[in-house]
Amino acid sequence: MLLSWLTGLGAGMVLLHFLQKLLFPYFWDDFWYLMKVVQCGMRIKTSSRKGELVTVLDKFLSHAKKQPQKPFIIYEGDIYTYEDVDKRSSRVAHVFLNHSTLKRGDTVALLMTNEPDFVHVWFGLAKLGCVVAFLNSNIRANSLLHCIRSCEPRAVVVGADLLETLEEILPSLPEDISVWGMKDSVPGGVISLKEKLSTVSDKPVPRIHHVTTNFKSPFLYIFTSGTTGLPKAAVITQLQALKGSVGLWAFGCTTDDIIYITLPLYHSSGALLGIAGCVELGATCVLKKKFSASQFWNDCKKHNVTVFQYIGELCRYLCKQPKKEGEKDHQVRLAIGNGIRSDVWREFLDRFGNIKMCELYGATEGNICFMNHTGKIGAVGRTNLFYKLFFTFDLIKYDFQKDEPIRNEQGWCSRVKKGEPGLLISRVNEKNPFFGYAGNKKHTEKKLLCDVFKKGDVYFNTGDLMVQDQENFLYFWDRIGDTFRWKGENIATTEVADVLGMLDFVQESNVYGVAVPECEGKTGMASIILKPNKPLDLEKVYEQVVTFLPAYACPRFLRIQKKMETTGTFKQKKLQLVEEGFSPLKISDPLYLMDNLKKSYVPLTKKLYDQIMLGEIKL
């Protein structure tokens with residue numbers, strides 16, 4: 001009797017397992033991911049109720065006490081332990097305590113490339129309760145000046161290799177901003193932070209300076225191109241920093257992992273997911289000054305890397321490297337990032353071995369993120385009924401001609417069907433707030449959609465078009481409006497157009513992104529109308545864009561038109577220009593290609609076009 005009962009139970013369990021696999025194949029993946037979301041939320045809520053808010057900095061200080069000799073940062077052969085970083089960052093804090101009037105809540109802008117001192121200065125200022133604004137190390141001139149002014153800092157700290165960049169705008173900075181250089185010999189008007197570091201103590205900074213009583217207080221400003229205009233300073237609160245720091249943990253990383261960070265630290269990916277993620281785990285990171293495809297796998301083998309961060313371009317560059325023996329001979333088990341194309345994903349796994357690709361989606365300033373916890377190729381994440389209990393989002397119909405959400409006769413937006421592209425919007429509420437941008441409130445208001453499905457509701461507009469399939473996987477489709485992505489960066493077309501508009505022979509310019517075979521995102525192209533009786537100077541165009549724009553934002557192609565098409569409301573039409581691309585076979589207008597060797601733009605011939613299409617010319 002018992003035997004038959006056990007046999008029946010066993011058969012029932014097998015059948016149940018079979019039905020679960022057949023009908024709900026992702027049940028357990030979803031369940032364990034949901035448990036991590038709940039665990040993270042409970043931890044934050046519990047500390048809030050106790051009045052003991054544990055921040056990213058607090059977690060770092062805890063690790064520095066518990067595991068002082070454990071390597072935290074490995075950089076160019078040097079090892080910086082948790083204790084080393086703690087002491088060096090305390091020196092930074094004491095310099096500003098002794099030699100400045102900085103106080104808790106003040107903003108300090110940080111202009112530095114990837115190096116340990118980036119973390120030392122960041123954590124040192126955090127120990128004083130200062131808000132640190134990460135400046136993009138690629139921008140210069142007017143864009144850089146705009147970023148500094150917009151976050152209203154009391155001081156600017158500059159890396160040794162970027163002092164010349166800052167010197168260009170030094171006379172234009174407000175007089176009440178002090179400038180500190182991480183170099184012994186600095187230009188006039190700049191204080192040597194490096195020199196003063198050797199004169200101060202490395203003793204702990206009293207916790208009273210940085211103790212946090214409100215998770216909604218600003219921790220960082222991280223600049224993002226957004227959808228229009230010059231870069232905007234997204235407010236990153238203590239809560240957002242904590243949420244960003246658990247990404248590595250959520251994908252299965254542990255304290256024993258060695259994480260390779262080649263992405264810039266001024267981005268949320270490098271700073272929050274990467275550095276703060278290592279702090280959350282108490283793990284070690286290998287920090288690279290700048291990504292190098294040729295050195296990547298050698299670095300991974302040398303330092304026993306087990307996890308690396310990526311953007312889609314990074315993986316494509318690795319796949320384009322000449323093949324070598326032993327390419328699967330490494331210890332990397334996870335790759336975490338965003339923006340990898342399906343074909344590159346497959347090629348990467350086939351070539352470099354059994355690495356779990358952990359694709360994710362999230363905007364720096366956004367109130368929603370997706371994580372592809374199943375490893376489904378091409379998807380940025382997955383949703384289900386339980387996920388939507390925590391994060392209310394929708395994909396709504398979008399008018400590509402008018403460049404705005406479609407509203408019905410009653411004025412409400414409509415959801416798209418599964419399989420159709422729609423604009424991703426996320427409900428703004430107390431559980432998932434949107435903190436906006438520093439400075440001009442109009443920038444914050446522009447990112448919000450109001451009265452979407454009912455009177456009074458408010459949604460964050462991500463500016464991204466997504467598709468949800470029948471299995472509830474989500475796929476990135478495109479950017480909307482006046483922004484496109486290239487080289488892992490958001491590029492605001494209005495900023496590029498403004499730079500071109502400064503030329504005395506340009507009457508009007510229309511900037512947009514065009515697809516290039518085998519490349520992630522879209523590269524920049526500018527359609528230009530010349531002023532009457534003014535000749536086109538291609539060398540001047542080249543000089544203008546390389547002087548005032550970061551390299552990734554410089555338009556690779558020019559198109560000279562006689563007339564600019566506009567909508568009924570006088571907005572420039574981009575859709576047809578994007579569809580026509582840069583093909584001299586389709587376009588009768590003069591076309592030009594950026595040539596860095598000749599420091600000019602050159603005519604785009606059919607031969608050059610064919611070379612680009614075959615991947616023989618790298619953009």
Exercise. Under the side chain to side chain donor-acceptor pair (under 3.5 Å) criterion, do Lys70 and Thr255 qualify, and how do the steps go?
Worked result: CA-CA 11 Å; Lys70 180 169 182 176; Thr255 187; 3.1 Å; yes
Looking at Glu365 and Thr224, would you say the former's side chain and the latter's main chain have a donor-acceptor pair under 3.5 Å?
no
Run the side-chain contact (heavy atoms from CB on, under 4.5 Å) check on Val499 and Thr547 step by step: do they pass? CA-CA 10 Å; Val499 168; Thr547 300; over 6 Å; no
* Asked: Does the side chain of Tyr75 pick up a donor-acceptor pair with the side chain of Asn114 at under 3.5 Å?
  -> no
Applying side chain to side chain contact (heavy atoms under 4.5 Å, CB included) to Ser89 and not counting sequence neighbours gives Asp86, Phe123, Lys127
**Prompt:** Side chains of Tyr552 and Glu313: do they bring a donor and an acceptor to under 3.5 Å?
**Reply:** no
inquiry  = Could you check whether Ser600 and Asp595, counting side-chain N and O atoms only, form a donor-acceptor pair closer than 3.5 Å?
reply    = no
Can you find a pair of side-chain heavy atoms, one from Thr107 and one from Cys130, that are under 4.5 Å apart? no
Could you please spell out the steps behind the side chain to side chain donor-acceptor pair (under 3.5 Å) verdict for Ser100 and Arg154? CA-CA 10 Å; Ser100 79; Arg154 292 285 308 281; over 6 Å; no
Rounding to 0.5 Å, atoms SG (Cys285) and CD1 (Ile74) come to a distance of 8.0 Å
Contacts of Ser294 meeting side chain to side chain contact (heavy atoms under 4.5 Å, CB included) (sequence neighbours excluded), chain-then-number -> Ser292, Gln321
Counting the benzene-type ring for Trp, do Tyr82 and Phe72 have ring centres under 6.0 Å apart? yes
In terms of heavy-atom contacts, Trp297 and His330 come closest through CZ3-CD2, 3.7 Å
**Q.** Side chains of Lys522 and Val516 in contact at under 4.5 Å (non-hydrogen atoms)
**A.** no
What one should report as the nearest heavy-atom pair of Tyr260 and Val286 is CD1-O, 3.3 Å
Heavy atoms of Phe476 and Asp464 approach each other most closely as CE1-OD1, 3.5 Å
Arg88/Asp117 under side-chain contact (heavy atoms from CB on, under 4.5 Å): CA gap, chis, key distance, verdict: CA-CA 9 Å; Arg88 178 79 167 177; Asp117 274 340; 3.2 Å; yes
Open item on the list: Within the supplied structure, the quantity of interest is the number of heavy atoms (other residues, nucleotides, ligands) at a distance under 6.0 Å from Lys301 NZ; does it exceed 12?
Closed with: yes
**Message:** Quiz question: by atom type and distance under 3.5 Å, do the side chains of Asn372 and Tyr361 form a donor-acceptor pair?
**Reply:** no
Of all heavy-atom pairs linking Pro433 and Asn367, the shortest is O-CB, 3.2 Å
Review point. Can you find a pair of side-chain heavy atoms, one from Leu242 and one from Phe215, that are under 4.5 Å apart?
Key: yes
Q: Check whether any side-chain heavy atom of Val158 sits under 4.5 Å from a side-chain heavy atom of Met112, and report yes or no.
A: no
| Is the shortest side-chain N to carboxylate O distance from Asp106 to Lys103 below 4.0 Å? | yes
> Angle class for the Tyr437/Phe434 ring planes (parallel below 30°, perpendicular above 60°, tilted otherwise)?
Replying inline: perpendicular
Within the structure provided, determine whether Leu97 and His209 are in side-chain contact (heavy-atom separation under 4.5 Å). yes
For residues 133-163, the ring-ring contact (aromatic ring centres under 6.0 Å, His included) pairs (sequence neighbours left out) are Phe118-Phe134, Trp122-Phe134
For this output row, return yes or no: ring centroids of Phe296 and Phe308 closer than 6.0 angstrom.
yes
Distance col, row Gln238:CD vs His210:NE2, nearest 0.5 angstrom, shows 9.5 Å
The side-chain hydrogen bond (donor to acceptor under 3.5 Å, both in side chains) partners of Tyr512 (sequence neighbours excluded) come to none
Residues Ile236 and Leu272: closest non-hydrogen pair is CG2-CD1, 4.0 Å
The side chain to side chain contact (heavy atoms under 4.5 Å, CB included) partners of Ala160 (sequence neighbours excluded) come to Lys183
Legend entry - Salt bridge present between Glu445 and Lys442 (N-O < 4.0 angstrom): no
Hey, are Ser198 and Arg91 close enough side-chain-wise for a donor-acceptor pair under 3.5 Å?
-> no
Rounded to the nearest 0.5 Å, the CZ atom of Arg316 sits from the CD1 atom of Ile340 at a distance of 11.0 Å
**Study point:** Heavy-atom check, side chain of Leu360 versus side chain of Val380, under 4.5 Å
**Key:** no
request  = Starting from the C-alpha separation in whole Å, work towards a yes-or-no answer on side-chain contact (heavy atoms from CB on, under 4.5 Å) for Ile336 and Cys253.
outcome  = CA-CA 10 Å; Ile336 300 172; Cys253 297; 3.8 Å; yes
Residue pairs passing the side-chain hydrogen bond (donor to acceptor under 3.5 Å, both in side chains) test with at least one member in residues 165-179, sequence neighbours excluded, are Ser178-Trp180
Hits for side-chain hydrogen bond (donor to acceptor under 3.5 Å, both in side chains) against Gln295, two or more places apart or cross-chain, chain-then-number order -> Lys288
Handout entry: Minimum side-chain heavy-atom gap Ile222-Val235 below 4.5 Å
Key = no
Which of Leu334, Val279, Leu273 passes side-chain contact (heavy atoms from CB on, under 4.5 Å) with Leu248? Answer is Leu273
Rounded to the nearest 0.5 angstrom, the CD-CH2 distance for Glu359 and Trp345 is 5.5 Å
Min side-chain heavy-atom separation Val190-Pro187 under 4.5 Å: yes
| said: The test is side-chain contact (heavy atoms from CB on, under 4.5 Å); show your working for Tyr317 and Val344 and say whether it passes. | reply: CA-CA 10 Å; Tyr317 291 149; Val344 176; over 6 Å; no
Salt bridge (Lys or Arg N to Asp or Glu O under 4.0 Å) filter on Glu115, not counting sequence neighbours, yields Lys289
What one should report as the nearest heavy-atom pair of Ser509 and Ile528 is CB-CG1, 4.2 Å
All N/O donor-acceptor pairs, side-chain side in residues 137-145, below 3.5 Å, sequence neighbours left out:
unit_1 : atom_1 : unit_2 : atom_2 : d
Asn138 : ND2    : Asn136 : OD1    : 3.3
Asn138 : ND2    : Tyr266 : OH     : 2.8
Arg140 : NH1    : Val546 : O      : 3.1
Arg140 : NH1    : Leu549 : O      : 3.0
Ser143 : OG     : Glu495 : OE2    : 2.4

Sorted by chain and number, sequence neighbours left out, side-chain hydrogen bond (donor to acceptor under 3.5 Å, both in side chains) with Asp257 holds for Thr306, Arg333
Residue set satisfying side-chain hydrogen bond (donor to acceptor under 3.5 Å, both in side chains) with Tyr592, at least two apart, ordered chain then number -> none
For Ser185, the side chain to side chain contact (heavy atoms under 4.5 Å, CB included) test, sequence neighbours excluded, returns none
